[in-house]
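These notes concern the structure reproduced below.
Counting convention: from 1, in listed order, for ligands and their atoms alike. Note that these values count all heavy atoms, side chains included, but never hydrogens, waters or copies made by symmetry.
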Amino acid sequence: MKVFTTKNALKQHLDAVRADGKVVGFVPTMGALHNGHLSLLKQAQQQCDVTVCSIFVNPTQFNDPKDLEKYPRPIEADRAKLEQAGCDILFNPEVNEMYAGNENWHLEIGQLETLLEGKFRPGHYQGVTQVVNKLFNIVEPHKAFFGQKDYQQVMVINRMVQLLNIPVELVMCPIERETDGLAMSSRNIHLTADDRQHALVLSKALYQAKASFEAGMSLADIQTQASENISNEPGTQPEYFELADGETLQPAKPDSQSIVALVAARVGNTRLIDNVIIR
Ligand code: AMP
């Protein structure tokens with residue numbers, strides 16, 4: 001695996017790769033890699049000739065400085081996992097390689113930016129679009145792979161790609177879960193043994209919502225049922241449980257073409273998100 005820490009060296013290398021007619025697949029991450037990340041890499045390997053994975057804990061997308069500080073950064077273990085998985089290129093820049101200084105610019109993407117995650121993490125998607133835009137400019141991938149785990153993020157990046165006419169194909173990959181249903185996340189290492197048990201309420205509520213929907217329960221009743229279940233779980237503070245239109249992320253209507261159930265909650269001191277596509 002080739003490792004790059006500067007954008008110029010990476011760009012130069014990838015110019016040659018593309019000139020050779022190779023299809024470049026890109027998997028952006030913040031590291032602390034788990035099987036969710038590796039499943040994205042696998043998809044990229046299946047669909048592309050050369051795979052680039054980035055590890056960059058992007059400061060501008062953290063609205064809570066403590067969250068940024070305690071974000072896990074096991075870079076040596078991550079390198080080994082990528083090497084083992086057959087990743088071709090790792091891009092692992094420092095913050096000053098990505099940002100010139102105080103960058104206040106942001107892309108106006110409308111309501112997608114301020115509802116659900118955007119409401120609870122103000123400014124989060126401004127940081128996400130900043131960094132993904134920069135990464136797309138550096139890597140110029142043919143295809144980029146993102147997890148459904150961050151469903152709203154995929155919608156946001158899709159909107160950015162449309163608005164800026166970026167020549168990249170986005171691929172959304174399914175959520176990898178632990179055997180008991182917990183969605184894999186770099187933040188799960190912060191869960192205590194008790195939190196770990198309480199956290200299961202999230203995936204359970206989502207799967208129950210899907211089952212209830214299929215059994216004909218109304219959207220309002222599904223929402224009430226799920227919210228109650230999550231609120232009643234000890235150690236768990238729900239932020240939202242929403243049945244949203246899968247395209248706009250506005251509240252779903254019975255005739256929405258696609259519907260996704262999305263949840264965010266604090267379990268102990270850890271904020272978790274998850275979702276299930278129910279139609
Ligand atoms: P992160 O390192 O958390 O920024 O995530 C990097 C990419 O991995 C994002 O596209 C995430 O949506 C994706 N990802 C994170 N967790 C999972 C998971 N459990 N299953 C599939 N993809 C995931």
Just jot down the ligand 1 atoms closer than 4.0 angstrom to any heavy atom of [X], in number order.
| X | value |
| --- | --- |
| Pro174 | 20 (N), 21 (C) |
| Gly147 | 9 (C), 10 (O), 11 (C), 12 (O), 13 (C), 22 (N) |
| Pro28 | 6 (C), 7 (C) |
| Phe146 | 10 (O) |

Any N or O on [X] sitting closer than 3.5 Å to an N or O of ligand 1?
| X | value |
| --- | --- |
| Met184 | yes |
| Met30 | yes |
| Asp150 | yes |

Test side-chain contact (heavy atoms from CB on, under 4.5 Å) on Ile55 and Ile75; report intermediate values, then the result.
CA-CA 8 Å; Ile55 295 182; Ile75 188 64; 4.0 Å; yes

For atom 20 (N) of ligand 1, which protein heavy atom lies nearest, and how many Å away is it?
Glu176 N, 2.8 Å

For atom 23 (C) of ligand 1, find the nearest protein heavy atom and state the residue, atom name and distance (0.1 Å precision).
Lys149 CB, 3.9 Å

Any idea which part of [X] is under 4.0 Å from ligand 1, heavy-atom wise: side chain, backbone, both or neither?
| X | answer |
| --- | --- |
| His34 | side chain |
| Leu40 | side chain |
| Ala32 | neither |
| Ser185 | neither |

Does Val263 reach the side chain of Val276, with side-chain heavy atoms less than 4.5 Å apart?
no

For Arg187 and Tyr71, run side-chain contact (heavy atoms from CB on, under 4.5 Å): C-alpha distance rounded to whole Å, both residues' side-chain angles, the deciding distance at 0.1 Å, then the answer.
CA-CA 8 Å; Arg187 290 190 169 85; Tyr71 201 84; 3.9 Å; yes

For the pair Asp67 and Lys70, find out whether any cationic side-chain nitrogen is under 4.0 Å from an anionic carboxylate oxygen.
no

Under 4.0 angstrom from ligand 1, any heavy atom of Gln148?
no

Between Tyr240 and Phe120, does the ring centroid distance fall short of 6.0 Å?
yes

Determine, using ring centers only, whether Phe56 and Phe91 are less than 6.0 Å apart.
no

Heavy-atom nearest neighbour of atom 5 (O) of ligand 1 within options Gln153, Gln43, Met172, His37
His37

Please enumerate all residues that pass salt bridge (charged side-chain N to carboxylate O under 4.0 Å, His left out) together with Glu233, with sequence neighbours excluded.
none

Out of the candidates His13, Glu97, Lys11, only one should pair with Phe4 under the side chain to side chain contact (heavy atoms under 4.5 Å, CB included) rule; please name it.
His13

Side chains of Asn8 and Thr6: donor-acceptor distance under 3.5 Å anywhere?
no

Side chain to side chain donor-acceptor pair (under 3.5 Å): which pairs involve residues 166-177, sequence neighbours left out?
Arg177-Tyr207, Arg177-Asp274

